[in-house]
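If you read the sequence from its start, that first residue is 1, and numbering goes on from there.
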Amino acid sequence: MVVCGVVQGVGFRPHVYRLATEEALSGFIGNDTDGVTIEIEGPAPRVESFLARLQAEKPPLARIDSIVVRELSPIGDAGFRIVASEVLGRVSTGIPADAATCADCLRELLDPNDRRYRYPFLNCTNCGPRFTITRRIPYDRPQTSMARFTMCAECQAEYDDPLNRRFHAQPNACWVCGPRVWMLSADGFGIEVEDPVTACVDRLMAGEIVAIKGVGGFHLGVDATNEDAVMRLRERKHRYGKPLAVMVKDVEAARAVCTMTAAEEALLLTSARSIVLARKREGSGIAGSVAPGVPWMGLFLPYAPLQHLLFADDRVKALVMTSANLSEEPIAIDNDEALARLGQIADAFLMHDREILQRCDDSVAAVVDGAPQLIRRARGFVPLAVELAPDSQQGSQLDAPPLLAVGGHLKNVFALARGRFVYQSQHLGDLENLTGLEFFRESLAHMMHTFEIEPETVVHDLHPGYLSTTWAKEWARERGLRTIAVQHHHAHVAGCMAEHGLRGPVIGLALDGTGYGTDGKIWGGEVLIARLDGFERFAQLEYVPMPGGDAAVKEPWRMAFSALHAAGFDVESEQMLRLLGAEPNEARVMKRMIDREINSPMTSSLGRLFDAVAAVVLNRRVVDYEAQAAIELEGIAVDEPDRFEQGDYVPELHEAEEGSGSEAVIRTGKMWKAVLDDLWRGVPARRIAAQFHAGIAGGFLNAAGNLRIETDINTVALSGGCMHNRRLARLLRTGLEEEGFTVLQHRNVSPGDGGLSYGQAVVGAARLENESIKDDQRL
Ligand SMILES: [Zn+2]
Ligand SMILES: [Zn+2]
Ligand SMILES: [Zn+2]
């Protein structure tokens with residue numbers, strides 16, 4: 001039989017060995033290119049029992065996607081054995097994702113009688129680094145950064161014993177034979193200490209910033225309860241507003257600093273150990289500057305033995321552990337690179353000599369509308385494939401020819417697809433400069449090599465100015481490949497459809513920050529009729545100018561000025577200037593830019609509307625990080641009710657002008673009047689923020705309702721970066737379901753631009769499939 005899924009490097013062969021031995025069956029097991037091949041021989045009832053237990057008792061990190069069984073005539077084999085890996089042809093199983101230290105290893109780590117007591121690199125087949133230490137397939141020790149460490153006799157014996165937890169655990173190591181840690185000063189000189197881990201804690205407790213080498217890169221660690229230390233980190237990192245992730249010892253410690261729901265606790269404990277957004281607890285002792293301006297904080301648990309050792313010291317309560325990079329640069333992984341780049345930020349370094357070969361940030365997740373949703377898909381998930389769900393409508397499976405989808409501009413993630421598998425890269429950050437592009441190239445080369453995918457088609461965004469687009473066209477030209485351009489919001493919605501195995505048509509609500517439209521304008525508040533291979537635009541938020549283009553994203557007051565101007569308010573009045581925190585001459589310049597259409601692209605973005613409302617309601621004139629104003633607006637409303645009586649906050653649906661490219665337009669003039677009236681009547685900001693959320697949901701609900709009357713389509717896919725907004729996601733889902741709609745939400749792929757390449761791959765595959773169908777008909 002052939003078993004496919006995540007079955008290599010996760011202790012699957014010893015599992016099968018044990019079962020076969022217990023059932024007294026003979027035969028063999030070996031890794032091969034498509035998974036594992038098992039041959040067993042014995043009486044039928046015992047073979048059946050084996051098959052049942054194969055699935056039921058599988059190791060924790062294994063995932064079985066399919067078991068194909070074929071009957072053979074008995075050959076009288078005696079005993080069961082594990083045969084050597086054979087690598088032929090293409091690989092669809094590949095390298096597993098990095099996994100957090102398992103409970104057995106943790107017990108050994110803290111057991112003074114164990115030979116690996118306090119050894120910072122212990123692991124087994126159920127845990128440890130994988131993707132981040134692998135140079136190429138097959139996933140075997142010589143292909144990893146463990147190659148330079150020769151196992152001692154004891155480690156080798158464990159590695160060779162099929163009944164040992166460390167049988168073929170590629171990174172297996174111990175004090176005698178494996179990697180080690182040491183301390184360096186900020187200028188790179190060795191610091192002589194008896195125990196580097198204790199020395200690191202000494203420094204952290206003294207308020208110092210320590211760069212700590214981890215699994216997918218360096219973290220900058222600092223005592224999260226020390227306000228001065230956190231502020232110093234912010235100043236040195238030039239990162240002022242954006243919340244910092246905090247690592248705590250365990251779930252109990254998490255409960256002490258945040259109010260955790262059961263779903264959030266479960267999310268915290270997955271083997272990916274993602275950063276989980278949770279509600280802050282007042283007076284928990286965490287420094288206020290860790291996550292200013294929002295009621296949540298990003299929490300995660302130790303996932304590497306070295307991190308567990310830091311928390312084994314009773315002095316450590318909570319550590320800020322933020323990716324060691326400057327703003328959106330790729331995370332540092334190499335020791336020398338870290339010294340060069342972080343020397344100005346860190347007071348000291350906790351180094352080790354297990355080389356990180358693939359950069360991989362921490363993943364970020366949140367419980368959105370009752371279910372876990374990935375916000376940043378990286379360590380612990382990459383390079384596992386996201387499957388194209390089997391078609392639930394027509395029974396035919398979307399089958400992608402080898403293709404590359406390059407993703408978008410911000411929060412870039414690319415995807416390689418083949419057959420029903422889409423392999424998304426780790427989060428690569430913003431593709432705004434050459435460092436970002438270098439990381440993109442490096443990672444693409446590695447993934448193409450790993451999965452042996454040679455793309456025949458390159459799918460890119462419609463935006464001609466994106467670095468990803470120009471790169472894609474250039475790369476395709478050099479190789480003589482074809483390219484397919486996909487509209488940004490179509491990709492968002494198609495990704496959501498494909499996660500649920502739908503080809504459409506569905507009603508797609510693409511609620512987003514920025515995406516290039518087919519009319520050259522900036523879209524982001526769109527109601528689409530979407531199929532996998534194409535879409536029509538039914539309705540949109542009304543266009544408003546973005547005075548200054550990108551400057552309007554960084555300075556939300558500009559969006560407020562523009563939106564209020566468009567809604568007919570006298571934006572140069574004294575009252576308005578006070579509201580916007582603007583000087584008269586600033587306002588004059590802004591108005592001139594808008595009236596004369598100077599660097600003021602038109603946008604229908606819901607993200608920008610959130611920014612504009614936040615600018616007015618929260619006096620948030622400028623932002624320090626993307627979507628800050630919108631996030632704060634959601635944050636301030638956190639304890640307010642979901643629903644309200646007043647209808648004035650609901651934007652109105654109007655028929656669109658002839659030739660505008662959509663049938664209907666969602667107008668916000670009345671909504672703005674309601675917001676300002678309430679503001680001037682002294683209604684608290686938190687209440688206005690909540691009513692605004694409810695109003696927006698109502699506006700899009702109306703649009704979906706109208707579209708259903710026209711088309712009879714009853715399924716709505718929710719996508720775009722605004723779906724990270726938990727209040728909005730909940731309001732839309734419940735509102736639509738009350739109206740009898742079937743609602744699709746993203747689960748394994750981010751609804752934001754981190755998920756864009758998945759949607760691009762889907763659209764590309766669907767278009768190529770159409771062409772091949774046409775070709776067939778021609779023949
Ligand atoms: Zn383990
Ligand atoms: Zn050893
Ligand atoms: Zn987007």
Side-chain angles (χ1 to χ4, degrees), residues 98 131-132 211 214-220 237-245 274-275 298 321-334 337-338 340-342 345 356-365 374-383 404-416 423-447 460-461 463 465-472 488 512-515 550 553-554 623-628 631 721 724 749-758 760:
D98 303 285
F131 172 69
T132 52
V215 172
F218 278 79
H219 283 114
L220 288 166
K237 218 186 160 195
H238 303 296
R239 177 163 153 170
Y240 298 101
K242 198 169 182 177
L244 301 165
S274 306
I275 296 168
M321 290 283 267
T322 183
S323 286
N325 53 1
L326 286 166
S327 62
E328 278 299 318
E329 273 188 11
I331 186 171
I333 53 170
D334 180 77
E337 177 196 6
R341 273 169 57 187
L342 308 173
I345 304 178
I356 301 169
L357 296 175
Q358 304 304 322
R359 289 166 214 278
C360 208
D361 278 283
D362 295 311
S363 295
V364 183
L374 275 172
I375 295 169
R376 183 165 81 194
R377 189 179 183 276
R379 182 189 45 74
F381 296 95
V382 180
L404 163 67
V406 296
H409 187 55
L410 301 175
K411 304 191 176 80
N412 185 272
V413 167
F414 67 79
L416 286 167
Y423 303 94
Q424 282 204 294
S425 73
Q426 67 272 51
H427 164 87
L428 302 174
D430 296 352
L431 276 194
E432 281 188 310
N433 50 45
L434 289 176
T435 338
L437 191 62
E438 201 38 57
F439 183 16
F440 177 96
R441 284 205 197 104
E442 175 188 297
S443 183
L444 175 63
H446 180 253
M447 298 260 294
H460 61 81
D461 193 84
H463 199 307
Y466 277 4
L467 197 54
S468 60
T469 303
T470 41
W471 181 88
H488 189 100
D512 203 23
T514 301
D550 277 348
V553 180
K554 294 183 178 103
V623 292
D624 297 321
Y625 61 94
E626 203 213 345
Q628 179 180 9
I631 291 168
H724 290 317
V749 170
S750 164
D753 286 4
L756 197 67
S757 58
Y758 177 79
Q760 290 174 339

Test: Lys411 and Asp753 ion pair at under 4.0 Å: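 Between Asp753 and Lys411 there is no salt bridge, as every charged N stays at least 4.0 Å from the carboxylate O atoms.
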Arg359 with Glu442: basic N within carboxylate O range, under 4.0 Å: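 Yes.
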Tell me yes or no: between the side chains of [X] and [Y], is some donor less than 3.5 Å from an acceptor?
X	Y	answer
Gln424	Ser757	yes
Thr469	Asp461	no
Asn412	His427	no
Asp430	His409	no

Under a 4.5 Å cut-off applied to non-hydrogen side-chain atoms, are [X] and [Y] in contact?
X	Y	answer
Leu410	Glu626	yes
His488	Leu756	yes
Thr322	Arg239	yes
Ser443	Gln426	yes
Met447	Phe414	yes
Phe131	His446	yes

At what distance, to the nearest 0.5 angstrom, does [atom1] of [X] lie from [atom2] of [Y]?
X	Y	atom1	atom2	value
Leu428	Phe440	CG	CZ	7.5 Å
Leu437	Arg441	CG	CZ	4.5 Å
His219	Asp361	NE2	CG	8.0 Å
Ile356	Phe218	CD1	CZ	6.5 Å
Ser425	Leu444	OG	CG	8.5 Å

Option passing side-chain hydrogen bond (donor to acceptor under 3.5 Å, both in side chains) with Arg379 (candidates Thr132, Asp362, Asp98):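 When side-chain hydrogen bond (donor to acceptor under 3.5 Å, both in side chains) is applied between Arg379 and each of Thr132, Asp362, Asp98, only Asp362 qualifies.
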Side chain to side chain contact (heavy atoms under 4.5 Å, CB included) between Tyr625 and Ile631, intermediate numbers included: CA-CA 10 Å; Tyr625 61 94; Ile631 291 168; 4.0 Å; yes
Whether over 12 other heavy atoms sit under 6.0 Å from Asp550 CG: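 Count not over threshold, so no.
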At their closest point, which heavy atom of [X] faces which heavy atom of [Y], and how far apart are they?
X	Y	result
Gly755	Val749	CA-CG1, 3.4 Å
Ala211	Leu342	CB-CD1, 4.2 Å
Gly241	Gln628	CA-NE2, 4.5 Å
Ser274	Phe381	OG-CE1, 3.6 Å
Ser468	Val406	O-CG2, 3.8 Å

Output field: ring centroids Trp471/Tyr466 closer than 6.0 Å: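 No, the ring of Trp471 stays outside the 6.0 Å limit from the ring of Tyr466, centre to centre.
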Check: Gly754 main-chain N/O paired with Arg376 side-chain donor or acceptor under 3.5 Å: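 No, because the side chain of Arg376 does not come within donor-acceptor range (under 3.5 Å) of the backbone of Gly754.
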